[in-house]
Structure formats: structure tokens, C-alpha cells
Amino acid sequence: MRIRIAFSAVLTALGLMLLTPVAAHAHGDTVKVVVTGQRAGHVTADITWENDGDAVDEAVAATVNAVSIDGSRTQGPWRLVRDTAAAPAGWTTAETLPPGSWKVSVDVGFPALGHGDLEVAVPVVDPAPASGAPTASAAAPGTPTAAQPSAGSPSASAPAASAAQVPAADSDADSGSEGDAVWWTTAGVAATALAGAAVGLYLRRRRQTRLGRLG
């Protein structure tokens with residue numbers, strides 16, 4: 001009984017070992033790697049089987065390296081992860097490339113060998129300008145300001161003007177009454193002087209008449 005169980009386990013293992021190469025042979029011995037570019041600095045690539053173009057369902061062991069065009073800077077090695085935005089054949093990096101021009105290469109070692117490369121340009125993204133706070137708040141429409149009186153309301157200057165005109169009228173009246181008093185006073189003085197002169201003249205003539213009678 002134990003021999004039968006051991007023999008069955010051996011046959012099962014041999015069957016799995018034989019089926020795996022058959023499945024891999026159906027797709028081919030190599031994978032096709034196409035570096036498609038970058039998205040927000042993340043390297044993107046499509047990986048398919050070379051023979052039939054099917055997407056690779058298995059986990060992919062790959063490294064990503066980048067060298068600047070002038071050779072002064074390098075990035076990587078990074079690994080590839082599934083790109084849900086470009087499923088089912090899309091792969092990408094969790095890391096991002098700095099702005100600049102790069103020669104990107106992708107080397108796959110599992111489930112089969114594959115290689116791809118491409119020159120990728122990562123643009124410089126300007127930061128969004130900070131919005132400045134308004135220096136003064138605008139008055140709400142229809143709200144009268146302190147400098148402009150609302151329509152239909154009496155002007156504030158009208159009472160002041162009326163108040164200024166009342167003392168002026170009073171001063172004119174006082175001036176008129178004072179002028180009348182001066183005139184009447186002058187007239188009274190003149191009348192008194194005339195009356196005095198007439199009385200003096202009358203008394204002088206009367207005296208002369210009396211002296212003439214005595215002589």
C-alpha cells in the first residue's frame with residue numbers, strides 16, 4: 001500500500017515537471033519587452049510572449065536601469081510592478097525618473113529572457129503658483145459705502161448748509177436793525193440840532209426887538 005502511494009506521488013511530480021516546459025514552449029522561449037515611455041516619471045513597458053504575443057500572467061523578475069544621455073547620471077536598478085492602468089501586458093516602476101533625457105533599459109530573467117530599451121524624456125513640471133490673498137475686500141453689490149450716500153436718502157450736506165444759512169440770515173437781520181437804529185439816531189440828532197438853532201434864533205430876535213423898544 002505504501003509503495004503504491006509513493007509511486008503515485010512520483011508520477012504526479014513527473015507530470016507537473018513535464019507540463020511546465022510544454023506550457024512554456026507553447027508561448028516560446030523568450031519574452032518581448034517594449035519600453036513604451038514614462039508616465040509622471042514612472043517607466044512603462046509592455047511584456048508579452050515572443051511567439052504568440054500573449055501577456056505574461058506569471059510574476060516577472062526584471063531590472064530597470066537608466067543612464068542620462070550625457071552619461072553623467074544613473075538611476076536604478078529598479079524592479080517592475082504590474083501597471084493596472086495598462087493591463088494586462090503593462091508594467092511600470094514604483095520609482096520615478098528625474099527631469100531630463102534618459103536611456104532606459106529593461107532586462108527580464110523570469111519566466112523567460114527578454115530585453116528592451118528606449119530613450120525617454122522626462123519634462124520639467126513647474127510648480128503651481130500660489131494664489132495671493134486679496135489686499136482689500138470688495139464691497140458687496142448694492143451696499144452703500146461711507147463715501148457715497150445711498151440713492152434716495154437726503155444728503156448729509158443739506159442740513160449743514162441749512163444750519164449755515166440760518167445764522168447768516170440772523171446776522172443780516174441784526175445788521176438791518178442796527179442800520180435802522182443808527183439812521184433814526186442820526187435823524188433824531190439832526191432834528192434836535194435844527195430845533196435848537198430855531199429856538200436860539202427866535203430868542204435872539206426877541207431880545208433885539210425888546211432892546212429896540214427900550215431905546
Side-chain angles (χ1 to χ4, degrees), residues 1-138 140-141:
M1 184 69 179
R2 292 179 179 177
I3 296 175
R4 288 182 179 180
I5 294 175
F7 185 72
S8 299
V10 171
L11 289 178
T12 302
L14 290 174
L16 291 175
M17 292 175 63
L18 291 174
L19 287 175
T20 301
V22 170
H25 183 71
H27 288 297
D29 297 333
T30 58
V31 292
K32 181 181 180 181
V33 181
V34 179
V35 181
T36 55
Q38 61 85 27
R39 183 171 62 248
H42 300 273
V43 177
T44 57
D46 289 341
I47 300 178
T48 57
W49 290 102
E50 185 74 35
N51 280 3
D52 53 17
D54 290 344
V56 177
D57 298 329
E58 297 91 330
V60 171
T63 57
V64 180
N65 291 276
V67 181
S68 61
I69 298 301
D70 58 6
S72 61
R73 296 181 294 169
T74 60
Q75 297 290 326
W78 300 329
R79 67 186 187 91
L80 287 176
V81 295
R82 290 279 183 182
D83 187 0
T84 56
W91 296 80
T92 186
T93 59
E95 299 82 3
T96 58
L97 288 171
S101 297
W102 301 88
K103 178 68 178 295
V104 178
S105 60
V106 177
D107 291 288
V108 179
F110 182 84
L113 298 178
H115 174 80
D117 55 61
L118 181 70
E119 287 189 8
V120 176
V122 181
V124 177
V125 179
D126 295 331
S131 59
T135 56
S137 58

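Since we're looking at a predicted model, the values are computed, not measured.
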Which donor-acceptor pairs under 3.5 Å do side chains of residues 95-108 form with protein atoms, sequence neighbours excluded?
residue: Trp102; atom: NE1; partner: Pro98; partner atom: O; Å: 2.9
residue: Asp107; atom: OD1; partner: His115; partner atom: ND1; Å: 2.6

**OP:** Only pairs at least two apart or in different chains count here, so list each side-chain hydrogen bond (donor to acceptor under 3.5 Å, both in side chains) that has a residue in residues 64-85.
**Re:** Arg39-Asp83, Ser68-Asp70, Asp70-Ser72

**OP:** Measure the OG1-CG distance between Thr63 and Leu80 for me, rounded to the nearest 0.5 Å.
**Re:** 8.0 Å

Original post:
Does the side chain of Leu113 reach to within under 4.5 Å of the side chain of Asp29, using non-hydrogen atoms?
Top reply: no

Subject >> Flag side-chain contact, heavy atom, 4.5 Å: Val56 against Pro111 >> reply: yes

**OP:** Provide the closest heavy-atom pair for Thr48 versus Ala89 in the form atom of the first, atom of the second, distance.
**Re:** CG2-CB, 3.9 Å

Subject >> Main-chain N/O of Val43 paired to Thr92 side chain as donor or acceptor, under 3.5 Å >> reply: yes

Subject >> CG on Asp57 to CG on Asp54, rounded to 0.5 Å >> reply: 8.0 Å

Original post:
Between Leu118 and Val35, what is the shortest heavy-atom contact and its length?
Top reply: CD2-O, 3.0 Å

Subject >> Donor on one side chain, acceptor on other, Thr44 and Thr36, under 3.5 Å >> reply: yes

